[in-house]
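Shown next, in structure tokens, is the structure this report addresses.
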Amino acid sequence: MITDRVEVKKGDILLYHTGWHRYFNGQPDEDEIRYFLKHPGGERELAEWFVEMELAWTGTDTGSADHPMNTSICTKRPDIAGAFAKETGKVPQEIYPEDDLFCMHFVPFPHGITHVESLGGDIDQVLNTRCTIGAFPMPLEGGEAFPCRVVAFLED
């Protein structure tokens, strides 16, 4: 789906847009349950493609790069897992095996491919656009995740 919309070259930074940022806190369509617990997410095939493409890093406008049923949400929120099973006709583990949880994290990260989650702001203004991307994390020590500002620099 990605390469149908935009050219991706080895070593690129890839920010992918699902439209889900519109459900984040403070947005007109704010819906915390939908944003954090029912968002789209990548599967192993996408994670392996990131590695194959040797991407510098990636970003998504969802709360996690992984589908919620491929995270600990599956066990920590049985109500959400039950609703997923009712909608799809399959329990989450049939689609997302337990030994593959968080594959969008655990597959690319050992290859130096990290990601930014919860992209938002004006992402709609740079869809399918090749540009220079800057990520400016807060200077924190000892953490495993950091808030950052992501900026697209467009050429005139």
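When reading the values below, keep in mind they use all heavy atoms of this one structure, side chains included, and skip hydrogens, waters and symmetry mates.
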Working note: Ser72 + Leu101, criterion side-chain contact (heavy atoms from CB on, under 4.5 Å); need CA distance, chi angles, decisive distance, verdict. CA-CA 8 Å; Ser72 55; Leu101 289 179; over 6 Å; no
Give, for atom SG of Cys131 and atom CD of Gln125, the distance between the pair rounded to the nearest 0.5 Å. 11.5 Å
Minimal non-hydrogen separation, Ala85 against Val91, with atom names: CB-CA, 4.1 Å
Can you tell me how far apart OG1 (Thr71) and CE (Met104) are? Round to the nearest 0.5 Å. 13.0 Å
Do Leu55 and Lys10 come close enough that some side-chain heavy atom pair is under 4.5 Å? no
Taking C-beta and beyond as the side chain, do Leu46 and Ile2 meet within less than 4.5 Å on heavy atoms? yes
How about Asn70 and Phe102: do any of their side-chain heavy atoms sit closer than 4.5 Å? no
Is Asp12 reaching over with its side chain to a backbone N or O of Lys9, donor-acceptor style, under 3.5 angstrom? yes
Arg130 side-chain N/O to Glu7 backbone N/O, donor-acceptor pair under 3.5 Å: yes
In this structure, CG of Leu127 is separated from NE2 of His17 (nearest 0.5 Å) by 5.0 Å
Do the side chains of Val126 and Ile13 join up, straight or via other hydrophobic residues, at under 4.5 Å, putting them in one cluster? no
Closest non-hydrogen atom pair between His111 and Val51, with its separation: CD2-CG2, 3.6 Å
Do side-chain atoms of Asn25 reach the backbone of Glu30 as a donor and acceptor pair under 3.5 angstrom? no
May I ask you to test the Pro92-Phe84 pair for a side-chain heavy-atom distance under 4.5 Å? yes
Give a yes or no on this: more than 12 heavy atoms of other residues, nucleotides or ligands lie within 6.0 Å of atom CD of Glu94. yes
Separation of Leu119 CG from Tyr16 OH (nearest 0.5 Å): 9.0 Å
For His67, give me all partners under side-chain hydrogen bond (donor to acceptor under 3.5 Å, both in side chains), at least two apart in sequence or on another chain. none
Are the side chains of Phe136 and Val151 in contact, using a 4.5 Å heavy-atom criterion? yes
The criterion is ring pair (Phe, Tyr, Trp, His ring centres under 6.0 Å); which residues satisfy it with Phe109, sequence neighbours excluded? His105, His115
Measure the spacing between CD of Glu117 and OG1 of Thr60 and express it to the nearest 0.5 Å. 8.0 Å
Got a second to check how far Met69's CE is from Lys90's NZ, nearest 0.5 Å? 15.5 Å
Step-by-step side-chain contact (heavy atoms from CB on, under 4.5 Å) determination, Trp57 to Ile133: CA-CA 10 Å; Trp57 57 275; Ile133 300 293; 3.6 Å; yes
Could you tell me if the side chain of His21 sits less than 4.5 Å from the side chain of Ile123, heavy atoms only? yes
If two hydrophobic side chains count as joined below 4.5 Å and joins carry through other members, does Leu37 share a cluster with Trp20? yes
Using a 4.5 Å cut-off on heavy atoms from C-beta on, say whether the side chain of Leu14 contacts that of Phe50. yes
Side-chain donor or acceptor of Arg34 paired with backbone N/O of Asp31 under 3.5 Å: no
Which residues satisfy the side-chain contact (heavy atoms from CB on, under 4.5 Å) test with Met138, sequence neighbours excluded? Leu140, Pro147
Got Pro68 and Lys38 here, is their nearest side-chain heavy-atom distance under 4.5 Å? no
Under a single-linkage definition using a 4.5 Å side-chain heavy-atom cutoff for Ile, Leu, Val, Met, Phe, Trp and Tyr, are Tyr35 and Ile80 assigned to the same hydrophobic cluster? yes
Closest non-hydrogen contact found for Gly134 with Phe153 is N-CE1, 4.0 Å
Are Val6 and Leu15 linked, directly or through intermediate hydrophobic residues, by side-chain heavy-atom contacts shorter than 4.5 Å (ILVMFWY only)? no
Is there a side-chain hydrogen bond (donor to acceptor under 3.5 Å, both in side chains) between Thr18 and Asp61? Walk through the geometry before answering. CA-CA 6 Å; Thr18 68; Asp61 64 341; 2.7 Å; yes
CA sep, side-chain torsions, deciding dist, call: His39, Ser64, side-chain contact (heavy atoms from CB on, under 4.5 Å): CA-CA 8 Å; His39 58 78; Ser64 173; 3.8 Å; yes
Test of understanding: with side-chain contact (heavy atoms from CB on, under 4.5 Å), list the residues that count as partners of Thr3, not counting sequence neighbours. Val8, Trp49
Sequence neighbours excluded, which residues qualify as side-chain hydrogen bond (donor to acceptor under 3.5 Å, both in side chains) partners of Gln27? none
Residues which pass salt bridge (charged side-chain N to carboxylate O under 4.0 Å, His left out) with Glu48, listed by chain and number, not counting sequence neighbours: Arg44
